[in-house]
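Since the structure comes first, as structure tokens, the remarks are kept for the end.
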Number of protein chains: 2
Amino acid sequence: MTTKDKILDTAELLFSDLGFDNTSLRSITSKADVNLASVNYHFGSKKELIQAVMERYLSVLMPAIDEQLSKIATLNREPDLTLLFEAMVEPILKLESVRPNGAHTFMQLFAKAYYESQGHMKKFVNVRYGTVLKRFNTTLVSAVPHLPKREVFWRWHFALGSCVFTMGSSRALTDMAEADYQQRMGVAELIRGVIHFVAAGFAAPSVENIELYPNRDIA
Amino acid sequence: MTTKDKILDTAELLFSDLGFDNTSLRSITSKADVNLASVNYHFGSKKELIQAVMERYLSVLMPAIDEQLSKIATLNREPDLTLLFEAMVEPILKLESVRPNGAHTFMQLFAKAYYESQGHMKKFVNVRYGTVLKRFNTTLVSAVPHLPKREVFWRWHFALGSCVFTMGSSRALTDMAEADYQQRMGVAELIRGVIHFVAAGFAAPSVENIELYPNRDIA
DNA sequence: GTCTATATATAGATAGAC
DNA sequence: GTCTATCTATATATAGAC
């Protein structure tokens with residue numbers, strides 16, 4: 001195994017576990033058993049190392065998502081929401097082929113990236129995969145034609161919150177579920193659970209058409 | 001205004017904006033125009049400063065939540081989910097009285113605390129307000145008697161994700177909503193929106209009773 | 001209570017020998 | 001490509017004068 005690969009593998013392990021800011025280049029190189037200076041030699045900077053770690057997954061995930069969106073487009077009917085969300089499962093599970101336990105690792109990385117809102121990552125993803133993201137958004141909007149666009153905007157971010165949070169805490173949550181309810185959840189079941197939840201939230205009638213506080217018994 | 005208060009006010013401003021780890025004592029003391037060493041004199045350490053900042057809000061929020069739970073208990077009927085969630089709005093809005101814009105600031109702080117998962121905060125909250133948290137959980141479980149407990153566990157965390165994420169990104173999201181849809185959202189509307197979303201997710205039929213992939217057109 | 005000065009630790013990055 | 005040694009910056013925390 002090359003030095004470069006040793007760095008990448010160790011970095012993704014520590015990044016996904018501790019976050020990007022909380023992982024020092026020193027901890028990576030010592031655990032990977034390579035020299036500290038080799039990170040800058042091979043990657044230039046910590047930022048570029050982070051991008052390289054993410055790119056290994058994004059380069060598999062994004063084309064797979066694009067392909068699913070194409071399949072949906074060929075159906076020649078209004079795409080429904082559950083179909084769209086479920087179509088995201090396969091691309092994520094495909095990440096298992098990138099590295100052992102890849103889907104789980106990527107979800108953790110994704111969540112950490114979101115939490116720490118690394119500006120350079122946002123730019124990086126948008127420049128490289130902006131068209132796929134736009135396409136997903138277009139499909140999403142067309143899947144809920146009865147909702148005002150601003151409603152779609154809000155619900156999408158509510159849903160994203162559930163997904164990111166679940167991804168980031170997946171290890172802790174599955175451990176708790178096993179300890180308290182003897183329930184062994186895999187990555188696939190977890191994704192399906194959260195998808196079911198957010199799809200139901202999306203399917204709710206428009207907030208703008210209902211009375212928000214019908215039950216004022218206690219207020 | 002005392003030095004201690006100047007530190008608290010400035011700290012909460014920077015913490016809520018940049019997060020705890022990303023805010024140095026130096027940036028706080030220089031912005032508050034007090035001496036660096038005064039933080040350790042008045043609070044002992046950065047950890048204790050963080051706890052003091054949170055405590056100003058928690059000491060108002062938690063008793064208010066407890067009171068709402070009491071009111072729900074006196075209704076003498078199965079508490080419904082929407083009622084329970086809506087009951088949380090008033091306590092949060094009460095935080096406006098702690099400091100100007102307090103509800104918004106607290107939500108940001110809460111989200112950052114969750115993201116950075118500061119171990120000492122978790123302990124601190126559990127020790128001081130564990131009974132209120134337990135009581136909320138008990139009420140939640142009794143509000144959805146048709147769901148298996150493990151389902152409640154999962155859905156609660158999915159819901160929490162939506163809430164935390166929305167709280168943490170509230171400024172960015174409301175700014176986008178105003179720019180793109182000319183929609184001016186206040187804190188109250190935002191909370192109600194996300195509550196409506198997660199209540200719908202909670203109200204969905206149990207995942208364990210439905211076929212998860214009824215629509216396999218594309219997989 | 002408030003200040004200066006400093007101890008101590010840890011970051012990311014790089015120069016230059018090999 | 002790999003290494004040692006070091007630069008530079010920044011962090012929390014504290015000792016001790018006032």
Side-chain angles (χ1 to χ4, degrees), chain A residues 1-56 108-109 112-113 115-124, chain B residues 1-56 108-109 112-113 115-124:
Chain A
M1 194 145 75
T2 67
T3 297
K4 200 170 173 176
D5 284 333
K6 277 201 269 186
I7 294 172
L8 278 172
D9 288 355
T10 311
E12 86 164 30
L13 187 75
L14 292 173
F15 284 155
S16 67
D17 197 29
L18 308 170
F20 300 102
D21 287 344
N22 280 327
T23 301
S24 67
L25 297 183
R26 277 175 175 79
S27 68
I28 295 170
T29 52
S30 72
K31 189 171 173 119
D33 203 29
V34 300
N35 189 272
L36 171 62
S38 61
V39 172
N40 278 32
Y41 176 79
H42 287 288
F43 298 95
S45 70
K46 187 179 180 180
K47 272 186 191 178
E48 287 163 290
L49 171 60
I50 293 174
Q51 288 167 9
V53 166
M54 296 303 283
E55 176 63 4
R56 288 207 292 187
Q108 302 264 43
L109 289 169
K112 304 283 184 190
Y115 290 166
E116 300 181 22
S117 62
Q118 311 244 344
H120 64 101
M121 266 302 299
K122 218 170 185 172
K123 252 182 244 166
F124 177 77
Chain B
M1 195 146 74
T2 67
T3 297
K4 200 169 172 176
D5 284 333
K6 276 201 270 186
I7 294 172
L8 279 172
D9 289 355
T10 311
E12 86 163 31
L13 187 74
L14 292 173
F15 284 155
S16 68
D17 197 28
L18 308 169
F20 300 103
D21 287 343
N22 280 327
T23 302
S24 68
L25 297 183
R26 274 177 174 77
S27 67
I28 295 170
T29 51
S30 71
K31 189 170 173 120
D33 203 28
V34 301
N35 189 273
L36 171 61
S38 62
V39 171
N40 278 34
Y41 176 78
H42 286 289
F43 298 94
S45 69
K46 186 179 180 178
K47 271 186 192 178
E48 288 162 290
L49 171 60
I50 293 174
Q51 287 167 8
V53 166
M54 296 302 283
E55 177 62 5
R56 289 208 291 188
Q108 302 264 43
L109 288 170
K112 304 282 184 189
Y115 290 166
E116 300 181 21
S117 61
Q118 311 244 343
H120 65 101
M121 265 304 299
K122 218 171 184 171
K123 254 183 242 167
F124 177 77

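Just so you know, these numbers come straight off a predicted model, no measurement behind them. Proteins come first, then strands; the chains are lettered A, B, ... in the order of their sequence lines, and each starts at number 1.
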Between the protein and nucleotides 11-15 of chain C, which nitrogen or oxygen pairs are less than 3.5 angstrom apart?
from    : atom 1 : to       : atom 2 : distance (Å)
dG12(C) : OP1    : Lys46(A) : NZ     : 2.8
dG12(C) : OP2    : Leu25(A) : N      : 2.8
dG12(C) : N7     : Arg26(A) : NH1    : 2.8
dG12(C) : O6     : Arg26(A) : NH2    : 3.0
dA13(C) : OP2    : Lys46(A) : N      : 3.0

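Comparing the C1' positions of dA9(D) and dT8(C) gives a spacing of 15 Å, expressed to the nearest Å.
Taking only side-chain nitrogens and oxygens, Thr3(B) comes nearer than 4.0 Å to OP1 or OP2 of dT2(C).
Side-chain contact between Lys112(B) and Phe15(B) is absent, with no heavy atoms from C-beta onward closer than 4.5 Å. A 4.5 Å side-chain heavy-atom check between Gln108(B) and Asp17(B) finds every atom pair outside the cut-off. Using a 4.5 Å heavy-atom threshold, the side chains of Leu49(A) and Leu25(A) count as touching.
One can place NE2 of His42(B) at 15 Å from P of dT14(D), the figure rounded to the nearest angstrom. Atom pair Asn35(B):CG and dC3(C):C1' shows a separation of 5 Å (rounding to whole Å applied).
We find that Asp9(A) and Lys31(A) are not joined by a salt bridge, their nearest charged nitrogen and carboxylate oxygen being 4.0 Å or further apart.
Taking the ring centre of Phe43(B) as origin, the terminal cationic atom of Lys4(B) falls inside the region bounded by 6.0 Å and 45° from the ring axis.
Remark: side-chain polar atoms of Ser38(B) are not paired, donor with acceptor, to backbone N or O of Val34(B) under 3.5 angstrom.
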